[in-house]
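Inspection log for the structure reproduced underneath, given as C-alpha cells.
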Amino acid sequence: MIFAAIADIHGNCAALEAVLADIEKQGITDVVNLGDCFSGPLEAGWTADLLLKNWVPTVRGNHDRALIDRAYEEMGDWERPAYQQLSPEHFDWLHTLQFSMIYKDEVFCCHGSPKDDNQYWLETVSADGIMHLRPLAEIEALAEGVDHPLMLCGHTHIPRSVQLSNGRLIVNPGSVGCPGYTDGEPVFHRVETATPFASYAVLEKTSRGWQPTFRQVRYDNLAMAELARNKGMDGFANALTGGWLD
C-alpha cells in the first residue's frame with residue numbers, strides 16, 4: 001500500500017499541479033488531502049477545479065471552515081479573496097467535507113489535531129512566540145481515542161513525523177502552497193520553512209511499518225509571489241519567493 005498526502009494548498013494551483021505531476025511520475029495513484037485548500041490571495045477557483053476533477057479525498061481545514069461558517073463581512077483577509085473566486089459547485093463540495101476521515105481502514109486523517117482543526121498537534125508555541133516540538137506526552141494525549149497505526153495532520157505547514165511510544169506514527173506532509181505565515185493565537189508567532197518548494201509526503205506500508213518520504217517540488221513560485229504581491233499581501237509573497245516572511 002502506497003499513497004501520497006498533501007495539505008495546506010491555500011489556493012496555489014501552480015504548486016498543486018507540480019505536486020500532482022510529481023506524484024504521477026512516481027506511479028502513485030492514491031492521494032489524500034488534509035485541508036486548507038483555497039484561502040489566500042492566489043488561484044482558489046482553479047485549485048478547486050483541479051481538486052474536484054481529480055476527486056481527491058479531503059478533510060476540512062480551519063480555513064475551509066472559515067469559508068462556509070460565517071458571513072463574508074466576518075471573513076479574514078485570507079478568506080475574502082478566495083471566496084470571490086469560488087463557484088456554487090465549489091461551495092457545495094466544501095460543505096461535504098468532514099472534520100476527519102479514515103483512509104482505507106487504517107489511516108486517520110485530520111487537519112489540525114483530533115480535537116480541534118485549529119490546534120497544532122506536533123508543535124506548540126511558547127509564551128515568547130517561538131514554535132517548537134510538542135512534548136511526546138502531550139502529542140500522545142491529543143491522540144487519545146485514535147487507534148490507527150498511521151495518523152496524518154497538516155496545519156503547521158512544517159513537514160514532520162513523530163513516532164509514538166507504542167510505535168504508531170503521526171506525519172505532517174508540510175504545505176503544498178504556503179511556506180510561511182504569521183498567526184496571533186495563542187500568541188503572535190511566525191512560521192517559516194526557509195524554502196519556497198511545494199511540499200508533500202509519500203506513505204508506504206512496509207513489512208517494518210509505515211515509511212514516510214518527504215518530497216519538495218520546484219515550480220514557478222515567483223509567478224505566484226508576484227500574484228500575492230499584486231493583491232497587497234507582501235508577507236505571503238515573501239514566503240512564496242524564498243520561504244521567509246521578510
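We count residues from 1, following the sequence as given.
- Among pairs with a residue in residues 108-118, those fulfilling salt bridge (Lys or Arg N to Asp or Glu O under 4.0 Å) read R65-D117, at least two apart in sequence or across chains.
- Residues that satisfy the salt bridge (Lys or Arg N to Asp or Glu O under 4.0 Å) test with D30, not counting sequence neighbours, are K104.
- Checked against salt bridge (Lys or Arg N to Asp or Glu O under 4.0 Å), E192 has the following partners two or more places apart in sequence or in another chain: R190.
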- Task: Go through Q211 and L203 one step at a time and tell me if the side chain to side chain contact (heavy atoms under 4.5 Å, CB included) criterion holds.
- Result: CA-CA 6 Å; Q211 167 69 51; L203 292 310; over 6 Å; no
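- L51 has its side chain within reach of I9: a pair of non-hydrogen atoms, C-beta onward, lies under 4.5 Å apart.
- Through direct or indirect side-chain contacts shorter than 4.5 Å among Ile, Leu, Val, Met, Phe, Trp and Tyr, L222 is connected to no other residue.
- A donor-acceptor contact closer than 3.5 angstrom links the side chains of D36 and H111.
- To the nearest 0.5 Å, atom CZ of residue R215 and atom CD1 of residue I6 are 14.5 Å apart.
- Remark: T58 OG1 to L97 CG distance equals 6.0 Å, nearest 0.5 Å.
- How far OG1 of T195 is from CZ of R218: 8.5 Å, rounded to the nearest 0.5 Å.
- For the pair Q98 (side chain) and T96 (backbone), a donor-acceptor distance under 3.5 Å is present.
- No continuous path of ILVMFWY side-chain contacts below 4.5 Å connects F214 to V31, so the two sit in separate hydrophobic clusters.
- At a threshold of 4.5 Å between non-hydrogen side-chain atoms, the residues F3 and V107 count as touching.
- Taking each heavy atom of I28 and A4 in turn, the nearest pair found is CG2-N, 3.9 Å.
- Formation of a donor-acceptor pair under 3.5 Å by the K231 side chain with backbone atoms of P41 is found in this model.
- Across all their heavy atoms, V171 and A201 have their closest contact at CG1-CB, 4.4 Å.
- Side-chain contact between I2 and K205 is absent, with no heavy-atom pair separated by less than 4.5 Å.
- In terms of heavy atoms, L245 sits closest to G180 at CD2-C, 3.7 Å.
- Listed by chain and residue number, nothing satisfies the salt bridge (Lys or Arg N to Asp or Glu O under 4.0 Å) test with D77 (two or more places apart in sequence, or in another chain).
- Counting heavy atoms of neighbouring residues, nucleotides and ligands inside a 6.0 Å radius, atom CD of E226 does not exceed 12 of them.
- Annotation: the span from H90 atom NE2 to C37 atom SG amounts to 11.5 Å, rounded to 0.5 Å.
- Remark: the backbone N or O of V56 is not paired with any side-chain donor or acceptor of N54 at under 3.5 angstrom.
- Grouped by direct or indirect side-chain proximity (heavy atoms under 4.5 Å, Ile/Leu/Val/Met/Phe/Trp/Tyr only), W46 sits alone.
- In this structure, I170 belongs to a hydrophobic cluster whose other members, linked by side-chain heavy atoms under 4.5 Å apart, are I102, F108, W121, L122, L133, L136, I139, L142, V146, M151, V162, L164.
- Contact annotation: the side chain of R168 never approaches that of L150 to less than 4.5 Å [non-hydrogen atoms, C-beta and beyond].
- A heavy-atom distance below 4.5 Å is found between the side chains of C178 and H157.
- For the atom pair NE2 (H189) and CD1 (I130), the distance works out to 10.5 Å, reported to the nearest 0.5 Å.
- Looking at D8, T193, N172, D183 one by one, the single match for side chain to side chain donor-acceptor pair (under 3.5 Å) with T156 turns out to be N172.
- Clustering of Ile, Leu, Val, Met, Phe, Trp and Tyr side chains at separations under 4.5 Å places Y219 together with L42, W78, Y120, V125, M131, I158, Y181, V187, V191, M224, L227, M233, F236, L240.
- Taking K25 as the reference, D22 meet the salt bridge (Lys or Arg N to Asp or Glu O under 4.0 Å) condition, with sequence neighbours excluded.
- L50 and I23 fall within a single hydrophobic cluster, where Ile, Leu, Val, Met, Phe, Trp and Tyr side chains are chained together by heavy-atom contacts under 4.5 Å.
- The side-chain heavy atoms of S126 and H132, taken from C-beta on, include a pair separated by under 4.5 Å.
- For Q84, the CD atom is densely surrounded, since the number of other residues' heavy atoms within 6.0 Å is greater than 12.
- If you take CG on N118 and CD on E185, they are separated by 8.0 Å, rounding to the nearest 0.5 Å.
- Evaluation of the ring-ring contact (aromatic ring centres under 6.0 Å, His included) rule for F99 yields no partner, not counting sequence neighbours.
- Proximity of S175 to S199: side-chain heavy atoms (C-beta onward) are nowhere separated by under 4.5 Å.
- Side-chain contact between D64 and V59 is absent, with no heavy atoms from C-beta onward closer than 4.5 Å.
- When all heavy atoms are compared, the tightest approach of I68 to F91 is CG2-CD2, 4.1 Å.
- One N or O on the side chain of Q85 and one on the backbone of A44 form a donor-acceptor pair closer than 3.5 Å.
- In this structure, E106 places its CD atom where more than 12 heavy-atom neighbours from other residues, nucleotides or ligands lie under 6.0 Å away.
- Cluster annotation: L94 is connected to Y72 through the hydrophobic network of ILVMFWY side chains, with a link wherever side-chain heavy atoms come within less than 4.5 Å.
- Residues satisfying the side-chain contact (heavy atoms from CB on, under 4.5 Å) criterion with E79, sequence neighbours excluded, are S39, H63, A66, L67, M75.
- Both V202 and L16 belong to a common hydrophobic cluster when Ile, Leu, Val, Met, Phe, Trp and Tyr are linked at side-chain heavy-atom distances under 4.5 angstrom.
- G177 approaches N12 most closely through the heavy-atom pair O-ND2, 3.1 Å.
- When all heavy atoms of L34 and C153 are compared, the closest pair comes out as CD1-O, 3.4 Å.
- Residues satisfying the ring-ring contact (aromatic ring centres under 6.0 Å, His included) criterion with F38, sequence neighbours excluded, are W93.
- A donor-acceptor contact closer than 3.5 angstrom links the side chains of S165 and E140.
- The number of heavy-atom neighbours closer than 6.0 Å to CD of E204, taken from other residues, nucleotides and ligands shown, is above 12.
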